[in-house]
There are 2 protein chains.
Amino acid sequence: MLDRTDVQILSLLQNNAKLTIKELAEAMHLTTSPIFERIKKLEKEGVIDGYVALVNAEKAGKGQIVFCNISMPVYTTENIESFETLVRTMPQVMECYHLAGVVDYQLKVCVKDIKEYDAFLKELAKIQIIKIHSSTVVLHDVKYSTVIPLD
Amino acid sequence: MLDRTDVQILSLLQNNAKLTIKELAEAMHLTTSPIFERIKKLEKEGVIDGYVALVNAEKAGKGQIVFCNISMPVYTTENIESFETLVRTMPQVMECYHLAGVVDYQLKVCVKDIKEYDAFLKELAKIQIIKIHSSTVVLHDVKYSTVIPLD
DNA sequence: AGTGAAATGACCCGAGA
DNA sequence: TCTCGGGTCATTTCACT
């Protein structure tokens, strides 16, 4: 599905979306046209999901990450839907995964400080269908990358 | 530090880095020059960390996420440094956080399948300074966003 | 699938308010 | 800080290989 050239394009664009088609073409010893067409194809197929600017959370005053572990005592389709829909609308929740573990969900929450996290928890606690199991504060970020490893 | 216009620019670019300066200018009823200068300033100050293409992990054949919980029995500066340096070089590790909890580190690992995760664990186990505490498999992604919430 | 060239349009940098 | 306008260069399309 993805040949060597596609993977090469993706690897470069995952690190720097501002590379021009010309630069990509030079890097892989081709002309601009095939690069252009391949990128359009990858976008159309949804392999490339989009292009985003990454903001430094610290400098934007949102340097605190907290993981929130949640379980759902009554595990019905309805409850799942309403919880997942809510989570997707909360901007503080950057990531949410349904786990195969002792707790059902893990949320990665991005806030200014613990005080703001406290407010977030109070907001979340309004939903009666979930049980907030525990919260784990992040001391510091060791690594944050958006790059999907491609073989 | 960041005024209303800056926040507006960041909000738009965090969702779509391909917006042209012209489009941004129209969206906030300004001309291109001030937008251009503000963006350059935000980049220079490091508020904008970079621009990246987001790849769909599923379509790239890397649809499995596993969280790996690690503790460090002998917590010395040396051990911390060598572990954190290693983690930053491993492409499967997309995120790594130092936690204030019962385990020291949480790694978000991106792999093709559990078999590949097994290989990753074996690789990681070579470092004698850490103790792999547990692994939690993700059943499905509810939300993944790179957008830092700005007030 | 890739090349090369031509037109379209965005970026960037002035001068001026 | 913002507006306006022009030079420069990347993007995009197309006819050909």
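Chain identifiers are assigned alphabetically (A, B, ...) following the order of the sequence lines, protein sequences preceding nucleic acid strands; residue numbering begins at 1 within each chain.
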Checklist entry - Rounded to the nearest Å, what distance is computed from the CD atom of residue B:E43 to the P atom of nucleotide C:dC11? => result 12 Å
Checklist entry - Pick the nucleotide of DNA chain D nearest each of A:E37 and A:L19; which residue has the one closer to the 5' end? => result A:L19
Checklist entry - What integer distance in Å separates A:K22:NZ from D:dT11:C1'? => result 11 Å
Checklist entry - Rounded to the nearest Å, what distance is computed from the CZ atom of residue A:R38 to the C1' atom of nucleotide D:dT13? => result 19 Å
Item to check | Spacing between B:I9 atom CD1 and D:dT1 atom C1', to the nearest angstrom | outcome: 13 Å
Next on the checklist: Base, sugar-phosphate or nothing for A:S33? Non-hydrogen atoms, less than 4.0 Å.
Outcome noted: base
Checklist entry - Would you call A:K41 and A:E37 a salt bridge, taking side-chain N to carboxylate O under 4.0 Å as the test? => result no
Next on the checklist: For a quick check of understanding: with a heavy-atom distance under 4.0 Å over all strands, which category does A:F36 fall into, base, sugar-phosphate or nothing?
Outcome noted: base
Item to check | A:I35 CD1 - C:dA1 C1' separation (whole Å) | outcome: 12 Å
Checklist entry - Between A:D118, A:I70, A:V66, which is the residue that forms a side chain to side chain contact (heavy atoms under 4.5 Å, CB included) with A:S135? => result A:V66
Checklist entry - How are the rings of A:Y75 and A:H98 set to each other: parallel, tilted or perpendicular (split at 30° and 60°)? => result tilted
Checklist entry - Could you give the NZ-to-C1' distance, from B:K40 to C:dC13, as a whole number of Å? => result 13 Å
Next on the checklist: Whether B:R88 and B:E84 form a salt bridge (side-chain N of Lys/Arg under 4.0 Å from carboxylate O of Asp/Glu) is what I want to check.
Outcome noted: yes
Checklist entry - Nearest-Å distance, CG (B:L42) to P (D:dT1)? => result 12 Å
Checklist entry - What is the distance from CD1 of B:I39 to P of C:dC11, rounded to the nearest Å? => result 8 Å
